[in-house]
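Below is one structure; the comments refer to it alone.
None of these values were measured; they are calculated from a predicted model. Note that the numbering runs from 1 along the sequence shown for the chain.
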Amino acid sequence: MKGFAHIGVLRALAERGIRPAVYAGTSIGALIAAAAVNGMSADELAQRAEALRRRDLFRINHLGMLMERMRSPSIYLGEPLRAMVDEVVGHGTFEDLATPLLVNTVDLERATRLVWGLPGLRDVPVRDAVYASCALPGFFPPATVGGRVCVDGGVIDNLPAAAAGLGMDAVIAVDVGSGDVRPVPRIGAQGFAAIYMRSATTMMHQLQQQPLARWSGPPMLLIRPKVDSHWLSFAHAEQNVREGYRATTKALEHLEAYLEQPSGVYPRKRIRLHVVREQCIKCGLCVALAPDQMMFDPADGTAVPREEFVEWSAAEGDFVHHCPTSAIKAARLDLVTPGAADGAGRGELLIP
């Protein structure tokens with residue numbers, strides 16, 4: 001349900017007259033992208049999101065669990081999800097769409113990525129591909145798309161920016177699934193669904209970091225709304241939509257300057273790195289994860305930054321989060337706008 005923030009993103013883009021040449025998405029991102037291509041407005045999508053209740057989507061597959069037990073394909077029935085997809089996604093194949101759409105899935109039998117809507121992968125029903133992209137493994141049954149058994153594309157790539165960026169002048173990427181990895185106290189006591197989703201978040205976050213850190217495509221505006229941390233909660237739909245709108249409005253402030261760049265991930269911020277020596281246990285994990293950023297102090301073996309001041313996008317600095325004693329501090333100093341004078345809007349925020 002974090003994906004409802006995408007609706008706020010669409011609203012902010014529409015208000016500024018920005019209409020993407022290509023829409024792409026994974027899971028609920030694919031569902032909302034397909035609805036937008038089908039002509040559904042952000043207001044209508046928001047109304048549907050706020051009216052949605054848990055029973056509308058999650059109905060336990062009692063018969064399958066009873067009769068097939070471990071061989072049951074899913075915990076929940078696929079029909080409610082199918083019905084929701086059919087309500088917002090039009091009939092026809094990808095070839096029939098006026099605006100190109102890319103839907104990210106995973107071929108479960110071949111263990112490979114399949115992005116429906118790319119050349120040679122357009123002669124399948126859009127509804128089938130969108131359902132498959134939303135079919136979280138174990139929660140919903142897989143779907144057969146073009147003769148292939150497919151599941152949620154987030155298994156490999158929750159942010160299909162590389163496919164979407166082919167031939168584009170710029171990419172607006174929205175990460176609602178794995179950007180925020182704040183600690184979740186007592187996760188072990190919250191049930192198997194919460195444990196599974198927390199594990200999936202961790203996996204997707206790591207899968208996503210390296211492609212973003214090495215991004216060499218067109219300039220990318222990376223938007224990471226601070227959405228509610230509960231994947232399966234229906235209580236914060238309106239809040240998540242508002243946060244998507246807020247985050248996008250903020251990120252678009254210097255869009256023209258970003259588009260003038262040949263590549264890179266934006267916005268970028270000036271960061272001051274610091275290690276609290278008393279907390280450093282000299283395990284070396286930060287040096288192993290980021291040898292270009294961190295090193296050992298030859299005097300005492302404490303980890304220290306190679307440079308005190310660095311310039312990072314939201315996709316960089318993940319090693320800070322992995323310090324087992326939170327000894328590394330990253331203080332955000334100011335927003336770096338290409339072509340603008342440094343030092344504007346200076347402030348400080350510690351990132352744990």
Side-chain angles (χ1 to χ4, degrees), residues 156-162 165 170-171 173 175 177-183 201-224 251 254 257-343 345-352:
I156 290 180
D157 184 5
N158 204 43
L159 193 75
V171 172
D175 173 22
S178 60
D180 190 355
V181 283
R182 290 171 292 181
T201 301
T202 304
M203 175 190 70
M204 288 187 289
H205 177 78
Q206 293 306 313
L207 286 172
Q208 194 169 289
Q209 283 303 113
Q210 288 192 3
L212 287 175
R214 297 198 303 262
W215 179 256
S216 60
M220 176 195 291
L221 183 67
L222 179 59
I223 302 170
R224 278 181 166 168
H254 302 285
Y258 304 146
L259 295 181
E260 292 174 357
Q261 307 308 306
S263 187
V265 180
Y266 302 92
R268 303 188 70 80
K269 293 180 176 65
R270 186 168 169 79
I271 304 290
R272 178 179 179 267
L273 282 177
H274 171 66
V275 174
V276 181
R277 288 179 172 269
E278 294 78 12
Q279 292 179 220
C280 179
I281 59 175
K282 306 176 184 180
C283 68
L285 183 60
C286 61
V287 179
L289 292 175
D292 56 333
Q293 303 274 356
M294 303 296 292
M295 58 181 282
F296 291 113
D297 187 334
D300 62 1
T302 301
V304 294
R306 291 185 179 273
E307 295 183 26
E308 183 180 6
F309 296 97
V310 293
E311 183 183 309
W312 282 349
S313 73
E316 297 170 274
D318 191 56
F319 66 90
V320 174
H321 163 73
H322 286 281
C323 177
T325 60
S326 300
I328 308 172
K329 306 298 179 183
R332 190 171 65 197
L333 300 177
D334 54 13
L335 180 69
V336 178
T337 306
D342 289 337
R346 187 173 295 275
E348 202 162 293
L349 174 67
L350 287 180
I351 304 173

Discussion item. So Pro324 and Cys283, do their side chains get closer than 4.5 Å, heavy atoms only?
Written reply: yes

Discussion item. Between Glu311 and Arg268, does any side-chain N to carboxylate O distance fall below 4.0 Å?
Written reply: yes

Side-chain donor-acceptor distances from residues 285-297 under 3.5 Å, at least two apart:
| residue | atom | partner | partner atom | Å |
| --- | --- | --- | --- | --- |
| Asp297 | OD1 | Ala299 | N | 2.9 |
| Asp297 | OD2 | Arg277 | NH2 | 2.7 |

Worksheet item: Can you tell if the side chain of Lys282 reaches within under 4.5 Å of the side chain of Thr302, non-hydrogen atoms only?
Response: yes

Item to complete: Measure the acute angle between the ring planes of Tyr266 and Tyr258, then classify it against the limits of 30° and 60° as parallel, tilted or perpendicular.
Response: parallel

Practice prompt. Could you tell me which non-hydrogen atom of Pro338 sits nearest to which non-hydrogen atom of Ala257, and how far apart they are?
Written response: O-CB, 3.7 Å

Discussion item. For a 4.5 angstrom cut-off between non-hydrogen side-chain atoms, does Trp312 reach Leu273?
Written reply: yes

Discussion item. Measuring from atom CG of Asp175 to atom CG of Asn158, what distance do you get when rounded to the nearest 0.5 angstrom?
Written reply: 7.0 Å

Worksheet item: Taking Pro267 as the fixed residue, which of Ile223, Leu222, Leu335 is the one that meets the side-chain contact (heavy atoms from CB on, under 4.5 Å) rule?
Response: Leu335

Item to complete: Specify the closest pair of heavy atoms between Ser263 and Gly217, including all atoms of both residues, with the distance to one decimal.
Response: OG-O, 2.5 Å

Practice prompt. Taking the side chain as every heavy atom from C-beta outward, state whether Leu212 and Met220 have any atom pair closer than 4.5 Å.
Written response: yes

Worksheet, complete the sentence: When every non-hydrogen atom of Ala314 is compared with those of Arg224, the smallest separation belongs to O-NH1, 2.7 Å

Worksheet item: Backbone N or O of Arg272 within a donor-acceptor pair of the Lys329 side chain at under 3.5 Å?
Response: no

Fill in: Side-chain heavy-atom pair Pro219, Val171 within 4.5 angstrom cut-off
no

Worksheet entry | Under 3.5 Å donor-acceptor, Gln279 side chain and Thr325 backbone | yes

